[in-house]
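Side-chain atoms are counted along with the backbone in the values below, which use heavy atoms only and exclude waters and symmetry mates. Fair warning: this is a prediction, and the values are worked out from it, not measured in the lab.
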Amino acid sequence: LIVRTSLVHDAQIAAAGVDLPDFQLAKLMFPFIDRLRDGFSSFVWMKKISTNENGIIQAGIRDYDQTPINATFQPILEAYERSPATTTSPRVGISFVASVDNKPWLNVQLKDSNKHYLPWLYLLEFFKNVTNQPIIGNATTCYQQVNLFNTTLSADVHAPAYVCGSVGIEAPLPPTSHVYRDVFGIHVDLAFLENNFLNCTQLKRSPEYAQLMRSRSLS
C-alpha cells in the first residue's frame with residue numbers, strides 16, 4: 001500500500017486545450033498487480049480522494065467507472081502542512097488530513113528524518129518504479145502517469161527528501177480502520193505527463209525490461 005498526497009499545479013488537458021486550476025488529490029495505491037497475467041507487467045490499482053469543487057477531476061474518475069470520494073483537505077491547496085523544528089521537536093513535521101463528513105479518513109503525520117530503513121538509493125528507485133506503473137482504470141482501460149524525477153522541479157531544496165512517521169486510514173477505505181506506524185517515504189516536487197484511455201495491453205512490458213528494473217533495484 002502506497003499513500004500519496006499531492007497539490008497539482010499548472011496542469012492542463014492538452015488535447016482539449018483546457019488549463020486546470022490548482023487542485024489537491026490523495027491516492028491509495030496498490031502496486032505490482034499482474035493485470036495482464038504475464039508475470040512481469042506491473043500495474044497499480046488506485047483509489048482517489050478529491051474535493052466536491054473539482055468537477056473535471058471527479059468526471060475523470062467516473063470515466064474509469066470509479067466513484068470519487070468527496071473530501072475536505074487540511075491544509076487547503078497544499079500538498080502538506082509543515083511545522084517548524086523546535087528545541088523540543090528538532091525535526092520538521094509534515095501533516096495532511098482528508099476528512100469526509102467532518103471525520104478524518106486519511107491522516108498523514110510525518111517528520112523529516114535521516115534514519116533510513118532501507119538504503120536511500122533503493123528507496124528512491126522503488127518510488128520511481130511504483131509511481132510510474134500504469135494505472136488500472138476499469139476492466140479494459142488503463143492510464144499512464146509518467147512522473148519525472150530529473151527536472152529542475154526536483155532539484156536543490158525541492159529534491160527528494162526522506163520522511164517517516166504514521167498514516168491513519170479509516171474504514172471503509174480499508175475493511176477496518178488502521179494506523180500504520182513507522183512508515184517511510186519521500187516528499188518531492190515532480191513534473192508529470194499523463195496518457196489516458198489506453199488499452200491495458202498497450203502497456204505490456206517485456207521480460208528484458210522487468211529484468212532491468214529488478215537489477216537496478218538490487219544494484
Side-chain H-bond candidate by donor/acceptor type, [X] with [Y], under 3.5 Å:
X: Gln58; Y: Asn70; value: yes
X: Ser99; Y: Asn102; value: no
X: Gln109; Y: Ser166; value: no

What is the distance from atom [atom1] of [X] to atom [atom2] of [Y], rounded to the nearest 0.5 Å?
X: Lys48; Y: Tyr64; atom1: NZ; atom2: OH; answer: 8.0 Å
X: Leu106; Y: Phe73; atom1: CG; atom2: CZ; answer: 8.5 Å
X: Thr5; Y: Ile49; atom1: OG1; atom2: CD1; answer: 10.5 Å
X: Lys47; Y: Ile61; atom1: NZ; atom2: CD1; answer: 8.5 Å

Got more than 12 heavy atoms from elsewhere within 6.0 Å of CG, Asn199?
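It does: Asn199 CG has more than 12 such atoms within range.
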
Shared ILVMFWY cluster between Leu7 and Ile76, side chains joined below 4.5 angstrom?
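Yes, Leu7 connects to Ile76 through the hydrophobic network.
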
Is the side chain of [X] donor-acceptor paired with the backbone N or O of [Y] at a distance under 3.5 Å, no angle test?
X: Ser42; Y: Ile33; result: no
X: Thr131; Y: Phe127; result: yes
X: Glu81; Y: Pro75; result: no
X: Thr151; Y: Leu153; result: yes
X: Asp34; Y: Gly39; result: yes
X: Asn129; Y: Gln133; result: no
X: Gln74; Y: Phe96; result: no

Contact summary for Asn147 and Asn132, nearest pair of heavy atoms:
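Nearest heavy atoms, Asn147 then Asn132: N-OD1, 2.6 Å.
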
For Ser177 against Ala171, the heavy-atom pair lying closest together:
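Here Ser177 and Ala171 meet closest at OG-N, 3.0 Å.
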
Just so I know, are the side chains of Phe40 and Lys204 near enough to count as touching, which here means a heavy-atom distance under 4.5 Å?
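The answer is yes; the side chains approach within 4.5 Å.
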
Among Leu1, Val130, Ile135, exactly one meets side-chain contact (heavy atoms from CB on, under 4.5 Å) together with Pro31. Which residue is that?
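Per the side-chain contact (heavy atoms from CB on, under 4.5 Å) rule, the option paired with Pro31 is Val130, out of Leu1, Val130, Ile135.
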
